[in-house]
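Everything quoted here is computed from the prediction, not taken from an experiment.
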Amino acid sequence: GMVLCDFGAEVVRVDRAGGSGMSADPLCRGKKSVALDLKSEDGIRKVKQLVTHADVLIEPFRPGVMERLGLGPDILCELNPRLIYARMTGFGQGGDNSVELAAGHDINYLALSGVLSTLKVDGKPVPPVNVLGDFAGGGMMCAFGILMALL
């Protein structure tokens, strides 16, 4: 969402009701925010209303969360057939991967890929900020996929 927003897209982020919201997080720059309780009927109804006018939905949860909320791609794409439903799941939605239901974090991706072992200063490992896996790997590929779907 950040890259798309940086290039002019109108991005509405759904934040947890009662949470800290977007605060001063620089990764939220340019985004609008709506705080909703996704475990309430009213919150689900409001997400469905937002989706009817959206071009893209980027879902950041573990596999099955949106389906359990009644907000999976089958339901939302029926409400808006032109909706691009993008999933930012760390280890995919299914398959033989033993960590498929685990939360994905930048350092996990780097460690599993072997990249982390190459990041050293004076021979000691130095974990990077979340630029390699989250941004360069996941975020940019998601944004690229969304742009391809919009063509």
What is the distance from atom CG of Leu36 to atom CG of Asp42, rounded to the nearest 0.5 Å?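 One gets 8.0 Å once the value is rounded to the nearest 0.5 Å.
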
To the closest 0.5 Å, what do you measure between CE (Met2) and CE (Met140)? 9.0 Å

Test Lys32 against Arg13 for side chain to side chain contact (heavy atoms under 4.5 Å, CB included), laying out the working first. CA-CA 6 Å; Lys32 297 176 183 177; Arg13 177 176 143 155; over 6 Å; no

What are the two closest non-hydrogen atoms of [X] and [Y], and how far apart are they?
X: Leu38; Y: Ile44; value: O-CD1, 3.1 Å
X: Arg62; Y: Glu59; value: O-OE2, 4.2 Å
X: Pro125; Y: Pro127; value: O-CD, 3.9 Å
X: Thr52; Y: Asn80; value: O-ND2, 3.6 Å
X: Cys5; Y: Val11; value: CB-CG2, 3.7 Å
X: Leu116; Y: Pro128; value: CD1-CD, 4.0 Å

Test question: given the 4.5 Å side-chain rule for I, L, V, M, F, W and Y, name all other residues clustered with [X], or answer none.
X: Val121; answer: Val126
X: Ile84; answer: Leu4, Val56, Ile58, Met88, Ile146, Leu147, Leu150
X: Met148; answer: Phe144, Leu151

Walk me through it: do Leu83 and Leu57 pass the test side chain to side chain contact (heavy atoms under 4.5 Å, CB included)? CA-CA 7 Å; Leu83 179 71; Leu57 179 134; 4.2 Å; yes

Are any of the side-chain heavy atoms of Leu50 and Lys46 separated by less than 4.5 Å?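 No, their side chains stay 4.5 Å or more apart.
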
Are Val34 and Val12 close enough that some pair of their side-chain heavy atoms sits under 4.5 Å apart? yes

Applying side-chain hydrogen bond (donor to acceptor under 3.5 Å, both in side chains), which residue pairs with at least one partner in residues 116-126 are found, sequence neighbours left out? none

Pairs under 3.5 angstrom only: tabulate donor-acceptor contacts from the side chains of residues 65-75 to other protein residues two or more places apart or in another chain.
{"unit_1": "Glu67", "atom_1": "OE1", "unit_2": "Arg87", "atom_2": "NH2", "d": "3.0"}
{"unit_1": "Glu67", "atom_1": "OE2", "unit_2": "Arg87", "atom_2": "NH1", "d": "3.4"}
{"unit_1": "Glu67", "atom_1": "OE2", "unit_2": "Arg87", "atom_2": "NH2", "d": "2.5"}

Is it true that Arg29 and Asp6 have a side-chain N and a carboxylate O under 4.0 angstrom from each other? yes

Taking only residues two or more places apart in sequence, or in another chain, which ones meet Met141 in a side-chain contact (heavy atoms from CB on, under 4.5 Å)? none

